[in-house]
Amino acid sequence: MSLFKRFKITRELTRLEKKAKDDPSPSIFVDLAQVYINLGSQEDALRVVEEGLVLFPRSDELRKVLGFAKKQVLAKTIEQLRAELSKTPSPQLFIKLAQAYLGQGDEDSAFAVCRECLKRYPEDVESRLFLAEMATRAFQKTLNVEKGKEAHMVLLEILERDERNKKAHQELAQLFFGIGYLEGSQHHLSILRSLGRMDKESRDLEQEIRKALDEGAPSFEDPGTALMEVERRGGLIHGKKKGLGSTKRILGSEEALNDVRDGLSRLVAREGVSKAAYIRGSKALVKGEVRDGRDPFLKTARVFAKVAQRTVRRMDLGNFSKGILDGVFGHICICSFGDVCAAVQCQGSADLDWVLQDLQDLVAKSLYTVGKK
Amino acid sequence: MKSMDDLLRDLIKTVGAKGALVVTNDGMVVAGFVRSDTRKDVVGALSSFLISATNRCLMQGNVGGFNRIFLNATHGKILIQALKGYFVVVLTDQFSDKTQLIDGTMRTASKLRKLTTIQN
């Protein structure tokens, strides 16, 4: 960077710092953080955004920058850890690197780092335990049976090496309880009891199992069957995560459906809007002039949301959130979050910013209603 | 008359973009600049993927092609403006102003159209 440019940036920084003190507003803090990010000083950007959030805790812009700055800091940490690993590798460094990847939301890389660590240090219990915890969390979040099996296998491997490992027994008891293999869960709790290593969490779990058995809750004979049942149901058998990822149940929720219907009606009532749809997986709720399930608008919205998400992910731009497709057909506006997407087709007279805002509200509200359930 | 490179450079400056490219239907990058942390050929290929998938879908529905695509993502924005047989692709960070981005790109697109038209 040239001296002149640096001078200009420093002057801008001083001006913004002063303005942030004299007349604070979310945009001033965002600008200030952006300048620090451009200067490569992510730590300062993080500090500024955190200061801003103290004053404006509800600012979406500041939250977005906070997430971005955190990711930048983590990226720096990852770079440093990688450099350190190439010089003096150790299981602890591998775990730190995996944690940094997890912080970035990059689970695949975190798994890859842990597996690499176990290849080099097969006897290291800590990293094996970390991998098992990650696999368990991933399974609970996504209900991906393969992750459940991996967690099970890794925990058993730990117990092969150290049969008194408290954490492994606890994790297995929790995992088995979640998938409805209550006998297995009780078995590991009884081992913990015989080892004299029961804590409050384990005692609570023991009580929950007893309660579930008294109420005649389902219990499966082996973990394999239990995992298959979880996949079939689309939800955990016991525990807080029950129902997560279950599309059928979510769409079946009357409250969520009514909110979505209202939102779609409001959208269609807007000037210039002719078609509106709320899409989740293969199901869709529609309002307006949509002919049937094969309406080109529905297909375009589905394909466009998917392709846009892939494109921005591969360009390292994070997640696709909103998009506008303009053509002779008018405008197709889309708002997407995970596997949920809402879209409208409108003509030139429609105010696209408002339409996008409404779409965002619709998606956010539908997810919130589901989250409450 | 300014060259294609000059027009794209001006566009980057005006809208504070991270990059601007002219891409053909099949993903070939004709001209353009992107920041050092981004690869031109990757942007070209991904834009082509997005363009062809969207166009295919619109053609199957008999609703005509698209003129413009605007994408908003967590860490940036992408604008694709269709011209005859090629596209202008502009990448910006997440803080850029949408209206300014569209206006700036439209102006550049019309200049590019003039530049690429053979006049008698």
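All values reported here derive from a predicted model rather than from experimental measurement. Throughout, protein chains are lettered first and strands after them, A, B, ... in sequence-line order, and every chain is numbered starting at 1.
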Inset, instruction - Before giving the answer on side-chain contact (heavy atoms from CB on, under 4.5 Å), spell out for B/I102 and B/M106 the whole-Å C-alpha distance, their side-chain angles and the decisive distance to 0.1 Å. - result: CA-CA 6 Å; B/I102 292 175; B/M106 289 290 281; 4.1 Å; yes
Inset, instruction - Take A/F320 and A/T311 through the side-chain contact (heavy atoms from CB on, under 4.5 Å) test and state the conclusion after the steps. - result: CA-CA 9 Å; A/F320 165 65; A/T311 308; over 6 Å; no
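Within the 4.5 Å cutoff, side-chain heavy atoms of A/L97 are placed close to those of A/R82. With a 4.5 Å cut-off on side-chain heavy atoms, A/F29 and A/L53 do not count as touching. Between A/L352 and A/C346, the closest side-chain pair of non-hydrogen atoms falls below 4.5 Å. Within the 4.5 Å cutoff, side-chain heavy atoms of A/Q347 are placed close to those of A/S274. B/L112 places a side-chain heavy atom less than 4.5 Å from the side chain of B/V88. Residues A/D358 and A/R270 are in side-chain contact: their nearest non-hydrogen atoms beyond the backbone lie under 4.5 Å apart. At least one side-chain heavy atom of B/K98 sits less than 4.5 Å from a side-chain heavy atom of A/I324.
For chain A, the nearby part of B/D93 is the side chain; its heavy atoms alone come within less than 4.5 Å. When heavy atoms are compared at a cutoff of 4.5 Å, A/Q309 does not approach chain B at all. The contact between B/T54 and chain A is made entirely by side chain atoms (from C-beta outward), counting heavy-atom distances below 4.5 Å.
Atom CD of B/Q60 sits in a crowded spot, with more than 12 heavy atoms from other residues, nucleotides or ligands closer than 6.0 Å. Within a 6.0 Å radius of CE in B/M59, more than 12 heavy atoms belonging to other residues, nucleotides or ligands are found. No more than 12 heavy atoms of other residues, nucleotides or ligands sit less than 6.0 Å from atom CZ of A/F337. Heavy-atom contacts from other residues, nucleotides or ligands closer than 6.0 Å to CZ of A/R15 number more than 12. Around the CD atom of A/E79, the shell of radius 6.0 Å holds no more than 12 heavy atoms that belong to other residues, nucleotides or ligands.
Identified by a heavy-atom distance below 4.5 Å to chain A, the contributing residues of residues 4-24 of chain B are B/K18, in residue-number order. Contacts between residues 328-336 of chain A and chain B, counted as heavy-atom pairs separated by less than 4.5 Å, involve A/V328, A/F329. The stretch residues 63-86 of chain B places B/V63, B/G64, B/G65, B/F66, B/N67, B/R68, B/I69, B/F70, B/L71, B/N72, B/A73, B/T74, B/H75, B/G76, B/I78 near chain A, each with some heavy atom under 4.5 Å from a heavy atom of that chain. For residues 63-77 of chain A, heavy-atom neighbours of chain B at less than 4.5 Å comprise A/V65, A/F68, A/K71, sorted by residue number.
We find that A/E43 and A/R47 are not joined by a salt bridge, their nearest charged nitrogen and carboxylate oxygen being 4.0 Å or further apart. We find that B/R39 and B/D41 are joined by a salt bridge, their nearest charged nitrogen and carboxylate oxygen being less than 4.0 Å apart.
Counting heavy-atom pairs closer than 4.5 Å to chain B, the top residue among A/V312, A/D295, A/L325, A/D31 is A/L325.
In this structure, A/S59 contributes its side chain and A/F56 its backbone to no donor-acceptor pair below 3.5 Å. Proximity of a side-chain donor or acceptor of B/S48 to a complementary backbone N or O of B/G44 within less than 3.5 Å is not detected.
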